[in-house]
Amino acid sequence: MASILLKHIYKAYSHSKKESKKIENENLSPFAVRDFNLTIEDGEFIVLVGPSGCGKSTTLRMIAGLEDITGGELYIDNELANNIDASKRNIAMVFQNYALYPHMNSYQNMSYGLKLRKIPKPVLDKEGNVVYIVDKQKIKALKKEMKKAQSIETIEELQNKIRQLEQNPNTPKMKMVHYTKEEIDEKVQKAAEVLDIKFLLDRKPSEMSGGQRQRVALGRALVRDPKVFLLDEPLSNLDAKLRASMRNEIVKLHKKVKTTFIYVTHDQVEAMTMGDRIVVMKDGVIQQVGTPSEIYDNPTNLFVAGFIGTPQMNNFKVIFKASAKNAHITLPNGKEVSFDLKELKPIKDEYTTGEGHALVLGVRGEHIEIRKDKKGVEAEVCFVEILGNTTNLLCKLANSEDEFNVTIQERSSLQPGDKIHIDFKGENIHLFNEQTGRTIYTFDKEYVSDELETSGGDKDEK
């Protein structure tokens, strides 16, 4: 297991002259990943989520060592890993394409990497005792420290340490050896038992279903006892039912092995149901980091609000006026709704001066109440979608073309053309600055400072 720290990570690819000119003329960023800062705790399950091209897979590949880091620092277990070869990072990766050898059975696929891998083992003398040597690397590091030392006392202390190391060899001499057949078999059998695929060990990939091949690919990674598991959209090739089943299996596997998992997906359902924390990305920039509940309940900008949740959050362009006690919101059709400020989440002081502000009001479909007393805001039903035990209504405000979704947790008899009256609960509405796209609530955090102003404000995707 290992903790991972990413500090100001940047990734840029080489561009042709034509691409470079386009980037310059359109004021685009040349970076695939920009100022990525994240601390991943030991044993944590982190999900990177975002649309295609947001930089999530690139970030994963930089952690694995498959992509060079353009700028910034990557630490794995408190050790700077920027220049450590991928084969020496002890990280296992499961790809979207399972990449199983078609001519090998499951046992051979899972054991093949172990057969090639070498591990350090202590050298023994003729009597079977461990051979100890002087730790030259540690001495070299101490000599570097000595050159930078500012005081005579520090230099003398480092000299004493070097002298002790030279006189008392205490580092086991190591040699690189292959796993034995018995060690390989033990690891494969253990992984097969954890994943419940012992009955598949003699089958070739062509004789297995998609879900079974997925388990074998996980097993191939598991036998290595890696510090970190990296999973790059591993379920995207499976059907909906099997994806739901495999989501549960991967979460169970994480709880069993208690290893750090970093999971990449574009599916917000996978992100919400699997991760301890979610990292939402757009255009190579982190938009928000938090638990699934924090991301869903308190989105920091319009992009996060629209990306997380099905159906998508409803957005209305409104005029917002608030004083010390009350808030008045004018909807697109001119209808005004009022709230006691205590009903809303805490608002930044600059928005409670009594002046009018152009904002975007966001509210999820399940938080819109249909009133039977015909009070509230009038709307018309445009489309009805029955989903078994729930009903989705596509509606529009009276005297307006602004459409929105209402989710009812029961079967409904409403039909297109029916008139309804709706109400919003203050505790469930979200308010965003129309220009920057950022929330006006005080829980807002500047995760990436200036970068969010260029990418986080979602002016075109409301």
Side-chain angles (χ1 to χ4, degrees), residues 4 6 9 11 29 31-41 44-64 67 93-96 214 228-238 240 243-244 246-251 253-254 260-313 362 364 430 432 437-439 443-445 447-448 451-452 455-458 460-462:
I4 295 177
L6 299 103
I9 297 292
K11 176 62 183 178
S29 169
F31 295 103
V33 176
R34 291 185 280 161
D35 200 20
F36 191 102
N37 295 280
L38 182 67
T39 300
I40 302 172
E41 302 296 339
E44 193 173 15
F45 197 127
I46 287 285
V47 178
L48 306 183
V49 65
S52 297
C54 71
K56 54 190 186 294
S57 291
T58 301
T59 303
L60 201 74
R61 290 172 65 82
M62 285 191 287
I63 295 171
E67 296 278 1
M93 192 163 181
V94 179
F95 299 92
Q96 181 178 348
Q214 174 65 74
V228 182
F229 271 95
L230 306 179
L231 300 99
D232 190 5
E233 303 198 34
L235 308 183
S236 58
N237 292 335
L238 306 180
R243 277 205 306 273
M246 284 306 300
R247 283 203 304 265
N248 296 333
E249 294 299 325
I250 291 174
V251 172
L253 175 63
H254 173 251
T260 306
F261 274 52
I262 306 176
Y263 188 101
V264 160
T265 182
H266 62 271
D267 186 339
Q268 53 97 15
V269 175
E270 287 182 15
M272 293 291 292
T273 56
M274 298 177 74
D276 295 329
R277 283 191 299 153
I278 299 173
V279 181
V280 184
M281 296 182 66
K282 179 192 174 192
D283 297 336
V285 178
I286 293 179
Q287 304 297 308
Q288 188 172 355
V289 180
T291 65
S293 296
E294 288 170 349
I295 297 285
Y296 190 84
D297 294 336
N298 301 317
T300 60
N301 62 43
L302 275 168
F303 174 77
V304 176
F307 191 82
I308 299 296
T310 303
Q312 187 173 314
M313 182 183 286
R364 300 194 185 278
H430 305 269
F432 305 94
R438 299 198 65 81
T439 181
F443 60 71
D444 182 25
K445 294 179 182 178
Y447 286 103
V448 288
E451 297 287 5
L452 270 175
S455 176
D458 194 7
D460 301 322
E461 299 184 29
K462 294 174 186 176

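- The backbone N or O of Glu41 sits less than 3.5 Å from a side-chain atom of Glu44, completing a donor-acceptor pair.
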Could you please spell out the steps behind the side-chain contact (heavy atoms from CB on, under 4.5 Å) verdict for Val94 and Asp232?
CA-CA 6 Å; Val94 179; Asp232 190 5; over 6 Å; no
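- No side-chain donor-acceptor contact under 3.5 Å links Arg277 to the backbone of Gly290.
- For the residue pair Glu233/Thr265, the side-chain donor-acceptor check at 3.5 Å is not satisfied.
- Taking 4.5 Å as the limit, every side-chain heavy atom of Met313 sits out of range of all side-chain heavy atoms of Leu302.
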Go through it in stages, so that I can follow the logic: the residues are Arg61 and Lys11, the test is side-chain contact (heavy atoms from CB on, under 4.5 Å), and I'd like the CA-CA distance, side-chain angles, deciding distance and then a yes or no.
CA-CA 11 Å; Arg61 290 172 65 82; Lys11 176 62 183 178; over 6 Å; no
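- The shortest side-chain heavy-atom distance between Leu6 and Ile63 falls under the 4.5 Å cut-off.
- Remark: the backbone N or O of Val304 is not paired with any side-chain donor or acceptor of Lys282 at under 3.5 angstrom.
- A donor-acceptor contact closer than 3.5 angstrom is absent between the side chains of Thr300 and Gln287.
- Arg247 forms no cation-pi arrangement with Tyr263, by the criterion of a distance under 6.0 Å to the ring centre and an angle within 45° of the ring axis.
- Shortest non-hydrogen contact noted between Ile295 and Val289 is CD1-C, 4.1 Å.
- When all heavy atoms of Met272 and Ile278 are compared, the pair lying nearest together is SD-CD1, 3.9 Å.
- Going from atom CG of Leu38 over to atom CD1 of Ile9 covers 10.5 Å, rounded to the nearest 0.5 Å.
- A 4.5 Å side-chain heavy-atom check between Leu48 and Thr59 finds at least one atom pair inside the cut-off.
- Shortest non-hydrogen contact noted between Asp276 and Pro292 is O-CD, 3.6 Å.
- Among residues two or more places apart in sequence or in another chain, the side-chain contact (heavy atoms from CB on, under 4.5 Å) test is passed with Glu294 by Thr291.
- The backbone N or O of Asp297 sits nowhere less than 3.5 Å from a side-chain atom of Arg364 that would complete a donor-acceptor pair.
- Put simply, OG on Ser236 and NE2 on His266 are 6.5 Å apart, with the number rounded to the nearest 0.5 Å.
- Put simply, the side chain of His430 reaches to within 4.5 Å of the side chain of Pro299, judged on heavy atoms.
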Do Val285 and Asp35 pass the side-chain contact (heavy atoms from CB on, under 4.5 Å) test, and can you show the C-alpha distance, the side-chain angles, and the key distance before you say yes or no?
CA-CA 7 Å; Val285 178; Asp35 200 20; over 6 Å; no
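- Here the side chain of Lys56 pairs a donor or acceptor atom with the backbone of Gly50 at under 3.5 angstrom.
- Taking CG from Leu230 and CG from Leu60, the interatomic distance works out to 4.5 Å, rounded to the nearest 0.5 Å.
- The heavy-atom pair separating Leu235 from Gln214 by the smallest distance is CD2-OE1, 3.9 Å.
- The backbone N or O of Val269 lies less than 3.5 Å from a partner atom in the side chain of Asp267, making a donor-acceptor pair.
- Between Cys54 and Phe307, the closest side-chain pair of non-hydrogen atoms is not below 4.5 Å.
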Take Gln268 and Thr310, measure what side-chain hydrogen bond (donor to acceptor under 3.5 Å, both in side chains) needs, and give me the verdict at the end.
CA-CA 9 Å; Gln268 53 97 15; Thr310 303; 2.3 Å; yes
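- Residues Leu253 and Val251 form no side-chain contact, since every pair of their non-hydrogen atoms from C-beta on lies 4.5 Å or further apart.
- Put simply, the side chain of Ile262 reaches to within 4.5 Å of the side chain of Ile4, judged on heavy atoms.
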Please test Phe36 against Ile286 for side-chain contact (heavy atoms from CB on, under 4.5 Å), starting from the C-alpha separation and ending with a verdict.
CA-CA 7 Å; Phe36 191 102; Ile286 293 179; 3.7 Å; yes
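- Nearest heavy atom pair, residue Ile250 against residue Met274, reads CG2-CE, 3.7 Å.
- Between atom CD1 of residue Ile308 and atom CD of residue Gln288 there is a gap of 9.0 Å, rounded to the nearest 0.5 Å.
- Of all the heavy atoms in Gly437 and Phe432, the pair that sits closest is O-CD2, 3.6 Å.
- Atom CZ of residue Phe229 and atom CZ of residue Phe261 lie 5.0 Å apart, to the nearest 0.5 angstrom.
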